[in-house]
Number of protein chains: 2
Amino acid sequence: MNIHSSPSFRPLYDQIKILITQSLIAGEWRPGDAIPSEIDLASRFKVSQGTVRKAIDELAAENILIRRQGKGTFVASHSQERASTRFLRIARDEGVFEYPTSQLLSVTRERAPEGSASLLDLRTGASIFCIKRLLSFEGIPRIFDEIHVPAVSFKGLDDAMIRNYTGSLYSFFESHFGIAMIRAEEHIKAVKAGPVEAELLHVNLDQPLLRVDRVAFTYGDRPVEWRRGLCHTERFSYVTEMS
Amino acid sequence: MNIHSSPSFRPLYDQIKILITQSLIAGEWRPGDAIPSEIDLASRFKVSQGTVRKAIDELAAENILIRRQGKGTFVASHSQERASTRFLRIARDEGVFEYPTSQLLSVTRERAPEGSASLLDLRTGASIFCIKRLLSFEGIPRIFDEIHVPAVSFKGLDDAMIRNYTGSLYSFFESHFGIAMIRAEEHIKAVKAGPVEAELLHVNLDQPLLRVDRVAFTYGDRPVEWRRGLCHTERFSYVTEMS
DNA sequence: TGTGTTATATCTTATATAAGTTATATGTTA
DNA sequence: TAACATATAACTTATATAAGATATAACACA
């Protein structure tokens with residue numbers, strides 16, 4: 001019997017991963033920042049460079065850190081170019097990617113309904129902000145989004161702040177509230193357009209739409225956003241890959 | 001100027017990855033087989049164990065190989081337990097996974113239409129097999145699949161072979177034709193049920209369905225299957241994750 | 001049944017070299 | 001001298017090798 005047989009045993013590199021994640025949670029290094037070099041981290045954590053390297057490798061594979069040879073290792077940010085398409089899976093059928101334009105419809109403070117509350121680890125009725133917006137490709141509205149975030153984590157969020165911000169919503173969350181989205185789960189259904197979305201998306205009432213429900217997580221796998229997107233998929237598709 | 005500046009430079013571990021993949025393509029190791037130990041491969045390829053390790057690590061991350069501590073490294077197979085859910089993304093809303101039952105509708109030899117032909121790197125009109133089937137959860141039909149595979153790669157495929165086989169279709173392809181699916185891309189739309197699928201799925205003509213188009217690839221990123229699934233998503237969702 | 005042996009992957013450290021980036025020093029030229 | 005180009009140094013991550021300790025699994029054998 002030795003320490004490694006213990007059920008709580010974790011390899012060193014895994015412990016280092018946790019320590020790095022804790023520094024991310026604590027805000028010691030913020031999105032876009034360079035973290036210390038492998039050698040610095042090795043001496044800080046009293047392990048070898050190779051062990052730090054393995055920890056960073058895994059965090060980079062999860063898109064939490066980004067390695068740049070010669071420059072350093074950086075905290076992934078939604079402000080970076082490559083991040084734009086990371087969480088947007090709707091693309092033209094022909095494959096050419098295109099940026100949608102966003103039209104903000106409303107930002108309101110609400111009581112969390114049971115559905116999003118439980119997915120966000122909140123009590124039903126907890127205070128949330130509800131953001132509604134319309135995304136258009138080539139000027140044609142395609143996606144109607146309803147987004148819920150806990151008010152406690154997004155204090156002071158309002159309409160004007162979003163309107164004045166140029167860039168993605170996740171980039172906005174990051175720079176104004178220090179909350180970086182690193183992972184999301186989506187559940188997709190085909191539904192009929194209701195009256196609200198039919199008008200917004202310029203489609204008939206019985207038009208089939210993609211209903212994409214998402215829960216997004218920040219460091220430490222903490223859920224911080226629920227959203228429902230209703231998508232008109234004419235000439236566009238939801239694209240995904242598996243292996 | 002040295003060899004590393006050459007545009008065709010590949011790190012050693014990447015060359016080893018290619019060599020291993022070539023052995024997979026050649027059928028030297030088949031799905032389910034153990035490949036030689038890291039030390040054996042190192043001496044075979046005249047590199048260090050660490051380099052082989054890095055190559056295997058990446059192939060394991062791509063779900064092409066599976067490492068089992070103490071046992072060895074194995075070629076991933078669709079006959080394995082864990083593989084069942086790998087390419088099936090439809091699940092109950094509550095999250096509990098359930099196996100569908102499959103009802104084979106037809107297996108016919110056809111000329112490839114333009115769409116699937118180009119995605120499968122075939123000439124339009126090339127000979128393909130067309131498989132149609134109905135997947136049911138809890139006895140209720142939910143997915144109508146139409147599957148195209150090149151006849152040249154699946155010689156002798158027929159109706160009875162599939163019917164006599166218990167297990168997933170990919171497991172069948174693997175054991176009867178030596179073709180292992182390792183990756184797939186899907187494009188999803190919301191569409192109205194047409195007359196054929198309305199009858200098969202017991203839904204109205206205007207019922208919204210998920211249309212899931214897939215191209216699946218085998219070793220060396222060779223496309224070998226096209227399929228279109230029409231899914232009735234009542235109480236079920238297409239589940240995906242991103243990071 | 002249990003116990004040791006062997007073979008495997010896993011983890012950790014160490015060392016060396018290669019290659020990309022940036023800042024600084026050193027020229028060279030107008 | 002000032003502006004610009006080039007070389008050098010110092011830093012980074014990336015690649016490759018080696019070696020030893022540990023965890024897991026299978027098997028032989030008492």
Side-chain angles (χ1 to χ4, degrees), chain A residues 1-20 29 32-77 80-82, chain B residues 1-20 29 32-77 80-82:
Chain A
M1 188 72 176
N2 60 46
I3 59 161
H4 294 288
S5 305
S6 150
S8 64
F9 166 71
R10 278 175 178 279
L12 253 187
Y13 73 85
D14 217 352
Q15 298 177 40
I16 303 304
K17 256 184 91 171
I18 293 171
L19 290 173
I20 293 174
W29 313 308
D33 286 357
I35 70 171
S37 74
E38 293 178 351
I39 290 172
D40 287 352
L41 288 175
S43 77
R44 165 167 166 177
F45 296 136
K46 304 272 183 296
V47 297
S48 76
Q49 186 192 357
T51 301
V52 169
R53 207 173 157 66
K54 175 139 184 170
I56 293 177
D57 277 346
E58 295 206 348
L59 289 167
E62 297 168 29
N63 292 314
I64 292 172
L65 298 178
I66 296 175
R67 320 190 70 140
R68 293 202 206 130
Q69 185 179 172
K71 299 191 72 172
T73 301
F74 298 79
V75 182
S77 165
Q80 285 152 328
E81 197 53 41
R82 55 179 296 294
Chain B
M1 190 71 175
N2 58 48
I3 59 161
H4 295 287
S5 306
S6 151
S8 63
F9 167 71
R10 277 175 180 278
L12 254 187
Y13 72 85
D14 217 354
Q15 298 177 40
I16 302 305
K17 256 183 90 171
I18 293 172
L19 290 174
I20 292 174
W29 313 307
D33 286 357
I35 69 170
S37 74
E38 293 178 352
I39 291 173
D40 288 351
L41 288 174
S43 78
R44 166 166 164 177
F45 296 136
K46 305 275 184 295
V47 297
S48 76
Q49 186 192 357
T51 301
V52 169
R53 202 172 161 66
K54 175 139 185 169
I56 293 177
D57 277 347
E58 295 206 348
L59 290 168
E62 296 169 30
N63 292 313
I64 293 172
L65 298 178
I66 296 175
R67 320 190 69 138
R68 293 203 207 128
Q69 186 177 170
K71 298 189 71 172
T73 300
F74 299 78
V75 183
S77 164
Q80 285 152 329
E81 198 52 42
R82 55 177 298 290

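So that the names make sense, note that chain A is the first sequence line, chain B the second, and so on, each numbered from 1. Not measured: the values here are computed from a predicted model. Only heavy atoms go into these numbers, but all of them, side chains included; no hydrogens, no water, no symmetry mates.
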Side-chain atoms of A/Q69 come closest, of C/dC11, D/dT13, C/dA9, to D/dT13

Roughly how far, to the nearest 0.5 Å, is CD1 of B/I66 from CD of B/Q80? 4.0 Å

Could you tell me how far apart A/F74 (CZ) and D/dT12 (P) are, to the nearest whole angstrom? 11 Å

Once you apply a heavy-atom cut-off of 4.0 Å, does A/R53 come out as touching a base, just sugar-phosphate, or nothing? base

Output for pair (A/T51 OG1, A/K17 NZ), nearest 0.5 Å, gives 14.0 Å

NZ (B/K46) and CG (B/L12) are apart, to the nearest 0.5 Å, by 13.0 Å

Where the side chain of A/K71 is concerned, which of C/dT22, C/dT12, C/dA9 is the nearest nucleotide? C/dT22

Proximal nucleotide (of D/dA25, D/dA16, C/dC11) relative to the B/Y13 side chain: D/dA16

Answer yes or no: is there a side-chain heavy-atom contact under 4.5 Å between B/I56 and B/I20? yes

Spacing between A/K46 atom NZ and C/dA14 atom C1', to the nearest angstrom: 18 Å

For the side chain of A/K54, starting at C-beta, report the closest nucleotide among D/dA16, C/dC11, C/dA9. C/dC11

Interatomic spacing from CD1 in A/I16 to CD in A/E58 - rounded to 0.5 Å: 12.5 Å

Can you tell me how far P of D/dT15 sits from CD1 of B/I16, to the nearest Å? 14 Å

Given D/dT12, C/dT22, C/dT12, the nucleotide with the shortest approach to the side chain of A/T51: C/dT12

Closest to side chain of A/R67, choosing from D/dT13, C/dA9, D/dA16: D/dT13

Whole Å only: how far is the CG atom of B/D57 from the C1' atom of C/dT8? 15 Å

Grab the CD-C1' distance between A/Q15 and C/dT10 for me, whole Å please. 15 Å

A/E58 CD to C/dT12 P, in whole Å, measures 11 Å

Take the protein atom CD1 of A/I39 and the nucleotide atom P of C/dT15, then report the distance between them rounded to whole Å. 12 Å

By the 4.0 Å heavy-atom rule, please label B/Q49 as base, sugar-phosphate, or nothing. base

Choose from D/dT15, D/dA25, C/dT10 the nucleotide whose nearest atom is closest to any side-chain atom of B/P11. D/dT15

Measure from the side chain of B/L12, starting at C-beta and using heavy atoms only, and say which of C/dA9, C/dT12, D/dT17 lies closest. D/dT17

Against the side chain of A/D40, the closest entry in C/dT8, D/dT12, C/dT10 is D/dT12

Can you measure A/I66 atom CD1 to D/dT12 atom C1' for me and round it to whole angstrom units? 16 Å

